[in-house]
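Here the structure is laid out as structure tokens; the discussion comes afterwards.
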Amino acid sequence: MRYVKTGLAIFFAAVVFLFLDYTLPYKQTVRITNTYNRLTDIGANSIFYASPDTGTVENSKGQRDVRFIDTVRPNGKVYVYRNEDTGWIWPPFFKYDSSNLHSQATDLKSTSDAPKWVSVTSYGWRIAWLSVYPNAIKIKPVDGPDARPTNWGAQITLVILGALLFLIWRMWNQFRERTLSPAARSVDEAFDRVGDDARQAKGRLSRWWSGLWGKRG
């Protein structure tokens, strides 16, 4: 039973970690090299794209006209973002300005000879074999490739979640001490009384049986 509980705890912790890792915003300092639209096949990877009522309309072939932003990191590695609205449901970024963000990204394009470094705030994962891209939320110019803006959004969210978890833990402990523990003690005491009664009844029956055979003898 202990191994089952440990396995469930590890599984739950992994699910929470992956959920937060995908949903929480993060910042990267990059240089924008290109912006464009592309018809993208939306199929098994649809969970990683905007919902149909928020993103661009899909055609009969299951393709969607998605905006993309090509970038290069300070270490020279390329990184590609998609640029889709998020709507009012999930994730809760309430992004409806993908066209404005596309224009801003286009204006901030630069070359390696005259680089313009920006901080891109996004959420999601880059999974090449699934054609999954992180969704850009905000773009802000920075002084250089070494700039590391503070990720206030993720930090504040983690603090709030930590406070909520602590509050839930405290409420659970109080509930257990005030309700579950007394109830468990009452059940144990009831079983003890039943056991005592059974032993007393057994003793009386044994004495009666012994007395009965004694009289016959």
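Counting from 1, the numbers follow the sequence of the chain as shown. Keep in mind the model is a prediction, meaning the values are calculated, not measured.
- Once rounded to the nearest 0.5 Å, the distance linking CH2 of Trp129 with CG of Asn45 reads 10.0 Å.
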Requested in this report: Verify side-chain contact (heavy atoms from CB on, under 4.5 Å) between Gln104 and Asn100, making sure each step is shown before the conclusion.
Outcome: CA-CA 6 Å; Gln104 182 185 9; Asn100 293 343; over 6 Å; no
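- Formation of a donor-acceptor pair under 3.5 Å by the Asp70 side chain with backbone atoms of Val78 is not found in this model.
- Both Leu130 and Tyr123 are members of a single hydrophobic cluster when ILVMFWY side chains are connected at heavy-atom separations under 4.5 Å.
- Between the OG1 atom of Thr106 and the CG atom of Asn34 there is a distance of 8.0 Å, given to the nearest 0.5 Å.
- Here the side chain of Arg64 pairs no donor or acceptor atom with the backbone of Leu39 at under 3.5 angstrom.
- The six-membered or imidazole ring of Phe68 lies near that of Tyr36, with a centre-to-centre distance under 6.0 Å.
- Note on Phe12 and Leu158: same hydrophobic cluster, where clusters join Ile, Leu, Val, Met, Phe, Trp and Tyr whose side-chain heavy atoms are under 4.5 Å apart, directly or indirectly.
- Proximity of a side-chain donor or acceptor of Thr29 to a complementary backbone N or O of Pro145 within less than 3.5 Å is not detected.
- The two residues Thr111 and Arg31 make their nearest non-hydrogen contact at C-NH1, 3.3 Å.
- Ser46 contributes a side-chain N or O that, together with a main-chain N or O of Gly43, makes up a donor-acceptor pair within less than 3.5 Å.
- Going from atom CG of Asp97 over to atom OG1 of Thr86 covers 9.0 Å, rounded to the nearest 0.5 Å.
- Here Ile156 contributes atom CD1 and Asn151 contributes atom CG; the two are 9.5 Å apart, rounded to the nearest 0.5 Å.
- Annotation for Lys109: atom NZ counts as buried by contact number, over 12 foreign heavy atoms lying within 6.0 Å.
- No side-chain heavy atom of Thr35 sits under 4.5 Å from any side-chain heavy atom of Asn83.
- In the model, Ser98 has a side-chain atom that pairs as donor or acceptor with a side-chain atom of Asp85 under 3.5 Å.
- Residues Val142 and Pro149 meet the side-chain proximity criterion, which asks for heavy atoms closer than 4.5 Å.
- From Ile69, atom CD1 reaches atom CG of Leu101 across 5.0 Å, with rounding to the nearest 0.5 Å.
- Residues Trp125 and Phe93 fall within the same hydrophobic cluster, defined by Ile, Leu, Val, Met, Phe, Trp and Tyr side chains chained together at heavy-atom separations under 4.5 Å.
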Query - Step-by-step side-chain contact (heavy atoms from CB on, under 4.5 Å) determination, Leu161 to Leu20 - result: CA-CA 10 Å; Leu161 288 176; Leu20 292 177; 3.6 Å; yes
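- Under the 3.5 Å distance criterion, the side-chain polar atoms of Thr71 are matched with a main-chain donor or acceptor of Tyr79.
- The nearest pair of heavy atoms linking Lys116 to Asp107 is NZ-O, 3.8 Å.
- Summarising the local packing, CG of Leu167 is surrounded by more than 12 heavy atoms from other residues, nucleotides or ligands at distances under 6.0 Å.
- Linking ILVMFWY side-chain heavy atoms closer than 4.5 Å, directly or via other members, places Tyr81 and Leu24 in two distinct hydrophobic clusters.
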Requested in this report: Under the side-chain contact (heavy atoms from CB on, under 4.5 Å) rule, what do Tyr133 and Tyr49 come out as? Steps first, then yes or no, please.
Outcome: CA-CA 9 Å; Tyr133 305 88; Tyr49 285 82; 3.6 Å; yes
**Report entry** Working for side-chain contact (heavy atoms from CB on, under 4.5 Å), residues Ser122 and Arg82
**Finding:** CA-CA 9 Å; Ser122 64; Arg82 63 186 168 92; over 6 Å; no
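- Remark: side-chain polar atoms of Asn135 are paired, donor with acceptor, to backbone N or O of Glu84 under 3.5 angstrom.
- The NE2 atom of His102 lies 5.0 Å from the CG atom of Asn37; values are rounded to the nearest 0.5 Å.
- Of the possible polar contacts, none joining the Lys95 side chain to the Lys138 backbone as a donor-acceptor pair under 3.5 Å is found.
- At a threshold of 4.5 Å between side-chain heavy atoms, the hydrophobic network of Ile, Leu, Val, Met, Phe, Trp and Tyr places Val15 and Leu8 in two separate groups.
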